Amino acid sequence: MFLSNNSWFSPMFYLTGFPGLEVIEHWIFIPFFLMYLVAISGNCFILITIKTNTHLHTPMYYLLSLLALSDLGLSMSTLPTTMGIFWFNFHGIYFEACHIQMFCIHSFSFMESSVLLVMFDCFVAICHPLRYSVIVTGQQLVRTALVIILQAPVALVPIVLLLKIFPYCGPVLSHSYCLHQGVIHLSCRDTTFNNIYGLTVVVFTVMLDLVFIALSYGLILNTVAGLASPEEQLRAFQTCTSHLCAVLAFFVPMVGLSLVHNFGKHVPLAVHLLMADVYPFVPPMLNTIIYSVKTKEIHRAIIKYLH
């Protein structure tokens, strides 16, 4: 089949969702609904709590707001098509809508990766405690936030523009949402540039972020190991537990999905579906739980609200 998005009408992709599991889709809906509920309501609550409490207007909590915003954006990007499949058994998505969804998913993913990199307050607090107030400042935060917000959309624009002019040889996408990896495989033209450019963007954003995060934790461990007593070491490392959990929640599913896509040709379809759905859905939910439990001010606000 040959599809072109240059016609007077807008052809559609077909999102397979959960092939082979149609009989139990209504049961699968329950955990997905709960993940969306926790992720969206939890991140909204974190944003509202930080906005309404002036004593939380500090660089650390502004960075937490950026993390919550990227999680919220990632959840909202996948919500329309996933819930459309569950609620209305509607698997179609127009080319334009697919490109917009793909752009949003990748933008918010790259944004979250960058936010996790610059949430370095624990690194500064442990490795350079006397310079904390000099390094972590509002002015520096504004510059960093602008870079985080703008870099991913700017880097992704060429990929999306090229996808808009490609003809496609088939309409079937293997997930419940649009990803660049899935869309590019349907193109009838040579996609070498898109593949190389996409890999370059990933390497110089997500992978580079991961390398710098790993290096920062290496320096943190080296500093903590030099402390006098085990109690001081534990107290110092506890400063980073929330951030470390958030890093693992985000990068482990992303790396797992990449490995399955590139080396999992003989892996069962269920594993592909599981990894594809864990990647955008689980981190926004886990980050809400992590920071609601481990951050005292957010935890107190939740208890106050419940009472």
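Sequential numbering from 1 along the given sequence is applied to the chain's residues. All figures in this text were calculated on a predicted structure; none of them were measured in a lab. FYI, side chains are in, hydrogens and waters are out, and symmetry mates aren't considered; it's all heavy atoms of this structure.
Nearest heavy atom pair, residue L173 against residue C98, reads CD1-SG, 3.9 Å. Closest non-hydrogen pair, G198 versus I159, comes out as CA-CD1, 3.8 Å. Shortest non-hydrogen contact noted between L186 and P171 is CD1-C, 4.1 Å. Contact record, P284 with N43: O-ND2, 3.5 Å, taken as the closest heavy-atom pair. The two residues Y217 and C240 come nearest to each other via the heavy atoms OH-O, 3.4 Å. Across M102 and L179, no two heavy atoms sit closer than the pair CG-C, 3.8 Å.
Residue pairs satisfying the side-chain hydrogen bond (donor to acceptor under 3.5 Å, both in side chains) criterion with at least one member in residues 58-74, sequence neighbours excluded, are listed as follows: Y61-E297, D71-N287.
With values rounded to the nearest 0.5 angstrom, M119 atom CE is found 13.0 Å from S114 atom OG. If you take CZ on F110 and CG on L74, they are separated by 11.5 Å, rounding to the nearest 0.5 Å. In this structure, OG1 in T82 is found 8.0 Å from OH in Y177, a value given to the nearest 0.5 Å. The structure places CG of L67 at 9.5 Å from CZ of F250, a figure rounded to the nearest 0.5 Å. Between the CG atom in L69 and the CG atom in L64 there is a gap of 11.0 Å [rounded to 0.5 Å].
Here the side chain of S187 pairs no donor or acceptor atom with the backbone of I184 at under 3.5 angstrom. A distance-only check finds a donor-acceptor pair linking the side chain of H91 to the backbone of L15 [under 3.5 Å].
Contacts of L286 classified as side chain to side chain contact (heavy atoms under 4.5 Å, CB included), with partners at least two apart in sequence or in another chain: A249, V282, I290. With sequence neighbours excluded, the residues forming a ring pair (Phe, Tyr, Trp, His ring centres under 6.0 Å) with F32 are F18, F86, F281, listed by chain and number.
Of the options L156, L163, V202, a side-chain contact (heavy atoms from CB on, under 4.5 Å) to H180 is made by L163 and by none of the others.
Crowding of M207 atom CE: a count of heavy atoms from other residues, nucleotides or ligands under 6.0 Å not exceeding 12. By the 6.0 Å contact criterion, NE2 on H57 is enclosed, its count of non-hydrogen atoms from other residues, nucleotides or ligands being greater than 12.
For H99 and Y94, the gap between ring centers reaches or exceeds 6.0 Å.
Side-chain contact check for Q151 and T205: no donor-acceptor pair (N or O, by modelled atom type) lies under 3.5 Å.
For the pair L210 and M254, the minimum side-chain heavy-atom distance is 4.5 Å or more.
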Begin with the C-alpha distance, continue with both residues' side-chain angles, and end with the deciding distance and a verdict on side chain to side chain contact (heavy atoms under 4.5 Å, CB included) for L79 and Y36. CA-CA 8 Å; L79 179 64; Y36 273 123; 4.0 Å; yes

Under the side chain to side chain contact (heavy atoms under 4.5 Å, CB included) criterion, do I298 and I50 qualify, and how do the steps go? CA-CA 8 Å; I298 304 295; I50 294 173; 4.3 Å; yes

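By the 30° and 60° cut-offs, the orientation of the rings of F166 relative to Y168 is perpendicular.
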